[in-house]
Enquirer: 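Handing you a structure now.
Side-chain atoms are counted along with the backbone in the values below, which use heavy atoms only and exclude waters and symmetry mates. Below, chains carry the letters A, B, ... as their sequence lines are ordered, and counting in each starts from 1.
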Amino acid sequence: MAVERGDVEHVATLARLAFTEEELVAFTSEMNGILALFEELREVDTDGVEPVFRVLRRRNVFRGDEPGEMLPPDEALANAPDRHEDTFRVPAVLPND
Amino acid sequence: MKLYELTFSQIRAGLVEGDFSSRELSESVLDRIERVEPAVSAFVTVRDRGEILAEAAATDARRAAGRCRGALCGVPVAVKDNISTRGLATTCGSRMLEGYVPPYDATAVSRLRDAGAIIVGKTNMDEFAMGSSNENSAFRSTRNPWDAGRVPGGSSGGSAAAVAAGEVPLALGSDTGGSVRQPAGFCGVVGAKPTYGRVSRYGLVAFASSLDQIGTMSRDVEGAAALLEAIAGEDPRDSTTAAEPVPSFVGDAGIDLTGVAVGVPDEYFSDGLDPSVAEKVRDAVEIIRSLGAKVQTVSIPNLRFGIAAYYLVADAEASANLARYDGVKYGHRSDHAEDLDGLYRMSRSEGFGAEVKRRIMLGTYALSAGYYDQYYLKAQKVRTLLARDFEKAFESVDVLLAPTSPTTAFALGERVHDPVSMYLSDVYTVPVNLAGLPALSVPCGLSASGLPVGLQVVVDKFREPVMFRVARAYERAAGAFPAPPGL
């Protein structure tokens, strides 16, 4: 099943990526090439087969509820593109008006 | 012989015997980096020479006082640039993380520091470990030390090239679908990926969390084993690490393989395998047989579905993991955004390169409403079938021998514009990641055109000792692998 330009635009919105018109066109054909590769899996009979999400069958690893080492705020914020005191600063979420 | 040319086992012995100091070794390595780095471009960051030499001298002093006993003490190591190093830039080969300086060490790195290893610098890689050639690095294309017109492989191409070129004796890489083994094969070095869960992923920048493992590279099997032994083991900071105790990976250097059952899977020798690679791998199997191993043919029937299942699982997990790059907490922030949603979109679009966007898009599509069962769930079921193929093979054999890659190193530019052909170069490496198995690549000769060929040794979960034993016996029997000529 082929994806069309509109599908690619929708996925780009979900992924928070912006593309130019030219990129969208190129991407649509590339995606179809790769999806054709994925279509090979249709040949495989997987009726009654359980999926694997983790290769080691280990689950629910707990630790004691004790405070451990913490990064001091200045170190945690050292890579922030913009900060205000001990917080990350971002543009307005809601319009100003 | 120059110090930078020594293998890990020669270095370990030389440091213990006092033939040379860590400071002298580090100087030789740094001089070598200065001389060949313009041609190889293996590093994104090399640490300050003075700092490295001071650290090396400190290990020499500790050794003199009898407090430097570990095998890695005083040994220079390079670290792939997706493994966090406190205070040392960690870019993942991406504009997104240009200038990012981690406030903490990855567990693998803190264990290296505790072992007295000297971290020399950070190696180049395909952006966010997505790629098989290092051409997806946002900064530079690392060259294959055997032929500057060819790729070193990827995504740990910088680590493999650095080790092959004598810029460092040991390096860490990461292997999500072959990213340690394939470049090791292309560059003629040893590259080992452990069982999923053997090594903590804490501080390894996430790509595909159910597949990612840190691996090791060296010019000899002993080095790859010793480095892995030093970083392996359960970590409270990564709940997916295995509780199994870590045995000795280095073991002894015995050459007798009597009692070892070897399987050669038919499907790895089908169409698309370069005849010159097949010949070298078959020769290696014969050498291993001559050491006493019993060789039989086995089958991994679902091998050919590995690529499709792998790229679906990896891209789906990547699309979720890379959602964290939003221009807020760290990483690139766009100057062109007017609101918060625009900040996300513009920062991501400017910060990520083409292959990373491609994978995020494919992964997002595969996980989106209406497609989950058809793609992601189906791939995870095929993953079960592949894992069962290996389980069945390991009922009758201890190790599998196969080519690491279907070809030797390809030319720069040959595949970078054709994603499907690039993906297919991983056909022999990805099944191991899907099944969570340990595997390594050891050099097994030069092809007709003079390029290294890799022999892949695959074992069942937590059986790294037999993997290293077979590889080490083979290495001894085959004799020293040459260094790349003309560097």
Enquirer: Rounded at 0.5 Å granularity, tell me how far CG in Leu14(A) sits from CD1 in Ile360(B).
Expert: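 Nearest 0.5 Å value for the CG-CD1 distance: 12.5 Å.
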Enquirer: Name the region of Phe27(A), side chain, backbone, both or neither, that has any atom closer than 4.5 Å to a heavy atom of chain B.
Expert: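 When you check distances to chain B, only side chain atoms of Phe27(A) fall under 4.5 Å.
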Enquirer: Less than 4.5 Å apart, any side-chain heavy atom of Arg83(A) and any of Lys329(B)?
Expert: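 Not in contact.
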Enquirer: For the residue pair Arg383(B) and Val55(A), what are the closest heavy atoms and their distance?
Expert: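 Minimum heavy-atom contact is NH2-CG1, 3.6 Å.
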Enquirer: Please flag which part of Ser347(B) lies under 4.5 Å from any non-hydrogen atom of chain A: side chain, backbone, both or neither.
Expert: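 Contact with chain A involves no heavy atom of Ser347(B) at all.
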Enquirer: Hey, are the side chains of Thr46(A) and Val382(B) touching, using non-hydrogen atoms and a 4.5 Å cut-off?
Expert: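 Yes; the side chains approach each other to less than 4.5 Å.
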Enquirer: Do you know which of Thr13(A), Val49(A), Asn60(A), Val61(A) has the most heavy-atom pairs under 4.5 Å to chain B?
Expert: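 Heavy-atom pairs under 4.5 Å are most numerous for Val49(A).
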Enquirer: Which atom names give the shortest non-hydrogen contact between Ser349(B) and Ala18(A), and what distance separates them?
Expert: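 Taking every non-hydrogen atom into account, OG-N, 2.6 Å.
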Enquirer: With a 4.5 angstrom heavy-atom cut-off, which part of Phe462(B) approaches chain A: side chain, backbone, both or neither?
Expert: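 It is the side chain, since no backbone atom gets that close.
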Enquirer: Using non-hydrogen atoms and a 4.5 Å limit, figure out which bit of Pro419(B) sits close to chain A: side chain, backbone, both or neither.
Expert: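 Just its side chain gets close to chain A.
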Enquirer: Side-chain contact test, heavy atoms from C-beta onward, threshold under 4.5 Å: evaluate it for Gln374(B) versus Arg42(A) and give yes or no.
Expert: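 A side-chain contact under 4.5 Å exists here.
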Enquirer: Tell me, side chain or backbone of Glu338(B) under 4.5 Å from chain A's heavy atoms, or both, or neither?
Expert: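 The backbone, not the side chain.
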Enquirer: Examine whether an atom of Leu37(A) lies under 4.5 Å from a heavy atom of chain B, and if so say whether it belongs to the side chain, the backbone or both; otherwise answer neither.
Expert: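 For Leu37(A), heavy atoms of backbone and side chain both lie under 4.5 Å from chain B.
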Enquirer: Tell me, side chain or backbone of Phe19(A) under 4.5 Å from chain B's heavy atoms, or both, or neither?
Expert: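 It is the side chain, since no backbone atom gets that close.
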Enquirer: Can you tell which part of Tyr325(B) gets under 4.5 Å to a heavy atom of chain A, answering side chain, backbone, both or neither?
Expert: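 Neither part, no heavy atoms under 4.5 Å.
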Enquirer: Sort Val328(B) into side chain, backbone, both or neither according to what part of it lies under 4.5 angstrom from a heavy atom of chain A.
Expert: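 Both parts, heavy atoms under 4.5 Å.
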Enquirer: Just so I understand: if I count every heavy-atom pair under 4.5 Å between each of His332(B), Met361(B), Arg388(B), Arg345(B) and chain A, which residue has the most?
Expert: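 Most pairs with chain A among the choices: Met361(B).
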Enquirer: I need the Phe88(A) CZ to Asp326(B) CG distance, nearest 0.5 Å.
Expert: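 Reported value, rounded in 0.5 Å steps: 9.5 Å.
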Enquirer: Given that the side chain runs from C-beta out, which part of Leu434(B) has a heavy atom under 4.5 Å from chain A: side chain, backbone, both or neither?
Expert: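 For Leu434(B), the contact with chain A is made by the backbone alone.
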Enquirer: Nearest 0.5 Å, please: how far is CD1 in Ile34(A) from CG in Leu362(B)?
Expert: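 The CG atom of Leu362(B) sits 4.5 Å away from the CD1 atom of Ile34(A).
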Enquirer: If you compare all heavy atoms of Asp341(B) against all heavy atoms of Arg16(A), which two are closest, and at what distance to 0.1 Å?
Expert: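 Residues Asp341(B) and Arg16(A), closest heavy atoms: OD1-NE, 2.8 Å.
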Enquirer: Quick check for you: among Glu317(B), Arg348(B), Lys461(B), which has the greatest number of heavy-atom pairs under 4.5 Å with chain A?
Expert: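 Most pairs with chain A among the choices: Arg348(B).
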Enquirer: Checking Ala337(B) against chain A: side chain, backbone, both or neither under 4.5 Å from a heavy atom?
Expert: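 Contact with chain A is absent: no heavy atom of Ala337(B) under 4.5 Å.
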Enquirer: Rounded at 0.5 Å granularity, tell me how far CG in Leu17(A) sits from CE in Met346(B).
Expert: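 Rounded to the nearest 0.5 Å, the CG-CE separation comes to 11.0 Å.
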Enquirer: Between Phe352(B), Tyr196(B), Tyr104(B), which residue shows the highest count of heavy-atom pairs closer than 4.5 Å to chain A?
Expert: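 So the answer, after comparing Phe352(B), Tyr196(B), Tyr104(B), is Tyr196(B).
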Enquirer: Given 3.5 Å as the limit, does a donor-acceptor pair link the side chain of Thr364(B) with the main chain of Val11(A), or not?
Expert: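 Absent.
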Enquirer: Chain A heavy atoms under 4.5 Å from Arg359(B): which part of the residue, side chain, backbone, both or neither?
Expert: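 Answer is neither: Arg359(B) stays 4.5 Å or more from chain A.
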Enquirer: What part of Glu244(B) gets within 4.5 angstrom of chain A, counting heavy atoms only: side chain, backbone, both, or neither?
Expert: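 Interface part for Glu244(B): neither.
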Enquirer: Taking all non-hydrogen atoms of both residues, which atom of Arg333(B) and which atom of Val90(A) are closest, and how far apart?
Expert: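 Answer, listing the atom of Arg333(B) first, then Val90(A): NH2-CG1, 4.0 Å.
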Enquirer: Can you measure from OH (Tyr375(B)) to CG (Leu35(A)) and round to the nearest 0.5 angstrom?
Expert: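 Separation between the atoms: 4.5 Å.
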Enquirer: Over all heavy atoms of both residues, which pair between Pro103(B) and Asn79(A) is shortest? Give the atoms and the distance, please.
Expert: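 Shortest heavy-atom contact: CD-ND2, 4.3 Å.
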Enquirer: Contact between Phe305(B) and Glu43(A) at the side-chain level, heavy atoms closer than 4.5 Å - yes or no?
Expert: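 Result yes, sub-4.5 Å side-chain heavy-atom pair found.
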Enquirer: Does any backbone or side-chain atom of Ser319(B) lie under 4.5 Å from a heavy atom of chain A? Answer side chain, backbone, both or neither.
Expert: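 For Ser319(B), there is no contact with chain A at all, as no heavy atom is under 4.5 Å.
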Enquirer: Is chain B contacted by the side chain of Ala15(A), its backbone, both, or neither, given a heavy-atom distance below 4.5 Å?
Expert: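 Contact with chain B is through both the backbone and side chain of Ala15(A).
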Enquirer: Using a strict threshold of under 4.0 Å (side-chain N to carboxylate O), is an ion pair present between Glu30(A) and Lys357(B)?
Expert: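 Judged by the 4.0 Å cut-off on N to carboxylate O distance, Lys357(B) and Glu30(A) do not form a salt bridge.
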Enquirer: Where does Leu312(B) contact chain A at under 4.5 Å (heavy atoms): side chain, backbone, both or neither?
Expert: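 Both parts, heavy atoms under 4.5 Å.
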Enquirer: At a 4.5 Å cut-off on heavy atoms, which part of Asp7(A) comes close to chain B: side chain, backbone, both, or neither?
Expert: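 No part of it gets close to chain B.
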Enquirer: For Ala242(B) versus Leu56(A), what's the shortest heavy-atom pair and its separation?
Expert: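 Closest pair (atom of Ala242(B), atom of Leu56(A), distance): CB-CD1, 3.9 Å.
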Enquirer: Identify which part of Ala387(B) has an atom lying under 4.5 Å from any heavy atom of chain A, answering side chain, backbone, both or neither.
Expert: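 Neither part.
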Enquirer: Would you compute the distance between atom CZ of Phe38(A) and atom OH of Tyr371(B) and round it to the nearest 0.5 angstrom?
Expert: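 OH of Tyr371(B) is found 14.0 Å from CZ of Phe38(A).
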Enquirer: Can you tell which part of Ala366(B) gets under 4.5 Å to a heavy atom of chain A, answering side chain, backbone, both or neither?
Expert: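 When you check distances to chain A, no heavy atom of Ala366(B) falls under 4.5 Å.
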